[in-house]
Amino acid sequence: MLQLNYIKENKQATIDSLKRKYFKNAEETIETVLGIDQKRRETQAELDSTLARANVLAKEIGGLMKAGKKEEAEAAKAETAELKVKSKALEEDLKVSETELFDIMVTIPNLPHASVPEGRTPEENVNIFEFGTIPTLHEAALPHWELIKQYDIIDFDLGNKITGAGFPVYKGKGARIQRAMINFFLNEALAAGYMEIQPPILINKESGYGTGQLPDKEGQMYHSTVDDLFLIPTAEVPVTNIYRDVILTDNDLPIKNAAYTPCFRREAGSWGAHVRGLNRLHQFDKIEIVQIRKPEESYQALDEMVEHVKSLLEKLELPYRILRLCGGDMGFTSALTYDFEVYSAAQKRWLEVSSVSNFESYQANRLKLRYKVDGKTQLLHTLNGSALALPRILASILENFQTTEGIKIPKVLVPYCGFEMI
RNA sequence: AGAGAGAUGGCAGAGUGGUCGAAUGCGGCGGUCUUGAAAACCGUUGACUCGCAAGGGUCCGGGGGUUCGAAUCCCUCUCUCUCUGCCA
């Protein structure tokens, strides 16, 4: 959620920024917000003075009763009765204004950082970095969904039998390479100064609201209705919510957490050739890195996270590129996002394997995540990124490293796997 | 799942109708003392919100009620703990 004070003080800049994110009706929305806020404050001022008067009277009545001045006490009582009716009505009004305001505020996306490129569609994202060379494969090279069958390492039919589409079963070397990647990614995060966290993978509603999955994106999460809990779509949710309703001190900062979890996404309405095999799943594994920083340090932290993800992909010897997302393609809550894409040689496609974002104070405002500076509380900045999501990394390893003799394992993973070839 | 107990500030823990945003202890911060530290002592220390300010309002798990007045009484919901049962 944006900060109301910022909007008040930077009305035109807010509107202009929202347009860069292709937010519809920016002017009207901001006007409405300011109008409701104005009314809200007027109502509150009146309510406060009504209550103040009632408080004074209540104290007086106590004194009058003790002094035995019954008549005066009764007169005061009559006045409080009136005040009570008035304050009740004002409270109702205030509640209405607050609800209206909140309902609009949650529909307003975060404002893009100055460096976010103009643009509406994924084609307008800006390629800012490329690494590695795209491998030339032998003639009989196959896409990963054929390779996994040939080597019998991932079984979609079996997953289908046990659960349903999008829940693969990893077998033998398939399972072992998964475990190897998890350990590799976690160890790299540890070496980069992140503290490892093992969070719950079911979350309650409050947590869903905290990071913005609720109220809108309810349909994307699996819901356990008996207990009203949701399966996490990403470790970002439980890890960031550790810091919900928290006031940190200087000594606590910076916070750098890394967590491996399975992730669950219903992804309603997605189908087609682009989602074959490992390209899109209902359950997958991911290592997520989360940082909580002081506002003045958050962009430096973002760069640091980008460097971390770069080093992972380079150690895995995968060709990749980094895109700076344009305003129209960026997520609702993000101020600046870098997407990492790995080239998957047999599919001849770039696959998104990581998304690294700075949310500035947008999430923190809803989470009430603050810290103390000079005795004042101030919102912190939250950042997160995948480091990394497993399925598409595995897909590109399988495709890019296939040879006529088998699939080579990237050197860095060999000690973790215990084998060099599939 | 059954029975009981409970939910108060960063933590522990008093408070059972007005003078309570709340004793006390711990922790934190500042200071005295000390070469420095510890100890001791003194002071200070909740959040949100309206207001230029002075100052005001709200918050004792959530919601509702009784009352001139509620942390305190009533209703309700949620959660936690203990015992019993089940279980990795």
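Protein chains get the first letters and strands the later ones, always in sequence-line order, with residue 1 at the start of each. These figures come from a predicted structure and were not determined experimentally.
Note: NZ (Lys88(A)) to P (U67(B)) measures 10 Å, nearest angstrom. The separation between Tyr243(A) atom OH and G10(B) atom P is 18 Å, rounded to whole Å. The distance between atom CG of Asn5(A) and atom C1' of C48(B), rounded to the nearest whole Å, is 13 Å. Rounded to whole Å, the distance from CD on Gln38(A) to P on G51(B) is 9 Å. Atoms CD (Glu74(A)) and C1' (C68(B)) sit 9 Å apart, rounded to a whole Å. The nearest whole Å value for the distance from the OH atom in Tyr371(A) to the C1' atom in A47(B) is 18 Å. Look at CD on Glu42(A): it is 16 Å from C1' on U49(B), rounded to the nearest Å. Look at CG on Asn365(A): it is 12 Å from P on C48(B), rounded to the nearest Å.
With both ends at atom C1', the span from G15(B) to C60(B) equals 11 Å, rounded to whole Å. Separation of the C1' atoms belonging to G43(B) and C50(B) is 31 Å when rounded to the nearest angstrom. Only the P atoms considered, A14(B) is 23 Å distant from G28(B), to the nearest whole Å. Comparing the C1' positions of C77(B) and C83(B) gives an interatomic distance of 25 Å, to the nearest angstrom. Comparing the same atom, C1', in C74(B) and in U24(B) gives a spacing of 31 Å after rounding to whole Å. Atom name P, nucleotides U76(B) and C81(B): the rounded distance is 24 Å, in whole Å. The separation of G61(B) from U8(B), taken at their P atoms, amounts to 6 Å, rounded to a whole angstrom. Across C87(B) and G62(B), the matching P atoms stand 38 Å from one another, rounded to whole Å.
Contacts of Glu60(A) classified as salt bridge (charged side-chain N to carboxylate O under 4.0 Å, His left out), with partners at least two apart in sequence or in another chain: none. For Glu27(A), the salt bridge (charged side-chain N to carboxylate O under 4.0 Å, His left out) criterion is met by Lys19(A), not counting sequence neighbours. In this view, Asn365(A) satisfies the side chain to side chain donor-acceptor pair (under 3.5 Å) rule with no residue, not counting sequence neighbours.
Remark: aromatic rings of Tyr299(A) and His113(A) are close, center separation under 6.0 Å.
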Contact letters for nucleotides 53-63 of chain B, in which S counts primed atoms plus P, OP1 and OP2 and B counts the base, heavy atoms under 4.0 Å: ---BSS-----
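Taking a pair to require two hydrogen-bonding distances under 3.5 Å in either a Watson-Crick or a G-U wobble arrangement, A22(B) remains unpaired. Pair assignment for C60(B) gives none, since no Watson-Crick or G-U wobble pairing has each distance under 3.5 Å. Base pairing of C73(B): its partner is G65(B), meeting the Watson-Crick or G-U wobble criterion (both donor-acceptor distances under 3.5 Å). G36(B) is unpaired under the criterion used here, namely a Watson-Crick or G-U wobble arrangement in which both key atom distances are under 3.5 Å. Figure legend. C87(B) is base-paired to no nucleotide; pairs are counted as Watson-Crick or G-U wobble with both atom distances under 3.5 Å. Using N1 to N3 plus N6-O4 or O6-N4 for Watson-Crick, or N1-O2 and O6-N3 for G-U wobble, each under 3.5 Å, A7(B) pairs with U78(B). With a 3.5 Å ceiling on both atom-pair distances, the Watson-Crick or G-U wobble partner of G27(B) is U45(B).
Counting any heavy atom pair closer than 4.0 Å across all strands shown, Lys84(A) reaches a base atom. Using a 4.0 Å heavy-atom criterion, one finds that Lys39(A) contacts no nucleic acid atom at all.
With respect to the salt-bridge test (charged N to carboxylate O, under 4.0 angstrom), the residues Lys411(A) and Glu420(A) do not qualify. Salt bridge Glu31(A)/Lys11(A): present, at least one basic N to carboxylate O contact under 4.0 Å. Between Glu304(A) and Lys256(A) there is a salt bridge, since at least one side-chain N of the basic residue sits less than 4.0 Å from a carboxylate O of the acidic one.
The side chain of Thr377(A) contributes an N or O atom lying less than 4.0 Å from OP1 or OP2 of C48(B). Residue Arg41(A) places none of its side-chain N or O atoms closer than 4.0 Å to OP1 or OP2 of U49(B).
When distances run from any side-chain atom of Arg40(A) to the nucleotides U49(B), C68(B), C48(B), the shortest one goes to U49(B).
Comparing Lys77(A) and Arg370(A) by the nucleotide of RNA chain B whose heavy atom lies nearest to each, the residue mapping closer to the 5' end is Arg370(A).
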Using a 3.5 Å cut-off and no angle test, enumerate the donor-acceptor pairs between side-chain atoms of residues 189-200 of chain A and protein atoms at least two apart in sequence or in another chain.
| unit_1 | atom_1 | unit_2 | atom_2 | d |
| --- | --- | --- | --- | --- |
| Tyr194(A) | OH | Gln291(A) | NE2 | 3.0 |

Counting only pairs under 3.5 Å, give me each side-chain donor-acceptor contact of residues 83-96 of chain A, with atom names and distances, residues two or more places apart or in other chains.
| unit_1 | atom_1 | unit_2 | atom_2 | d |
| --- | --- | --- | --- | --- |
| Ser87(A) | OG | Leu83(A) | O | 3.2 |
| Ser87(A) | OG | Lys84(A) | O | 3.1 |

Give me, pair by pair, the N or O atoms of the protein and of nucleotides 16-22 of chain B that are less than 3.5 Å apart, along with how far apart they are.
| unit_1 | atom_1 | unit_2 | atom_2 | d |
| --- | --- | --- | --- | --- |
| G18(B) | N2 | Ala58(A) | O | 2.8 |

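Note that CZ of Phe264(A) is 4.0 Å distant from CD of Gln283(A), once rounded to the nearest 0.5 Å.
Residue pairs meeting the side-chain hydrogen bond (donor to acceptor under 3.5 Å, both in side chains) criterion with at least one partner in residues 100-111 of chain A, sequence neighbours excluded, are absent. Contacts classified as side-chain hydrogen bond (donor to acceptor under 3.5 Å, both in side chains) and involving residues 149-174 of chain A (residues at least two apart or in different chains) are given here: Asp152(A)-Lys171(A), Asp155(A)-Lys171(A).
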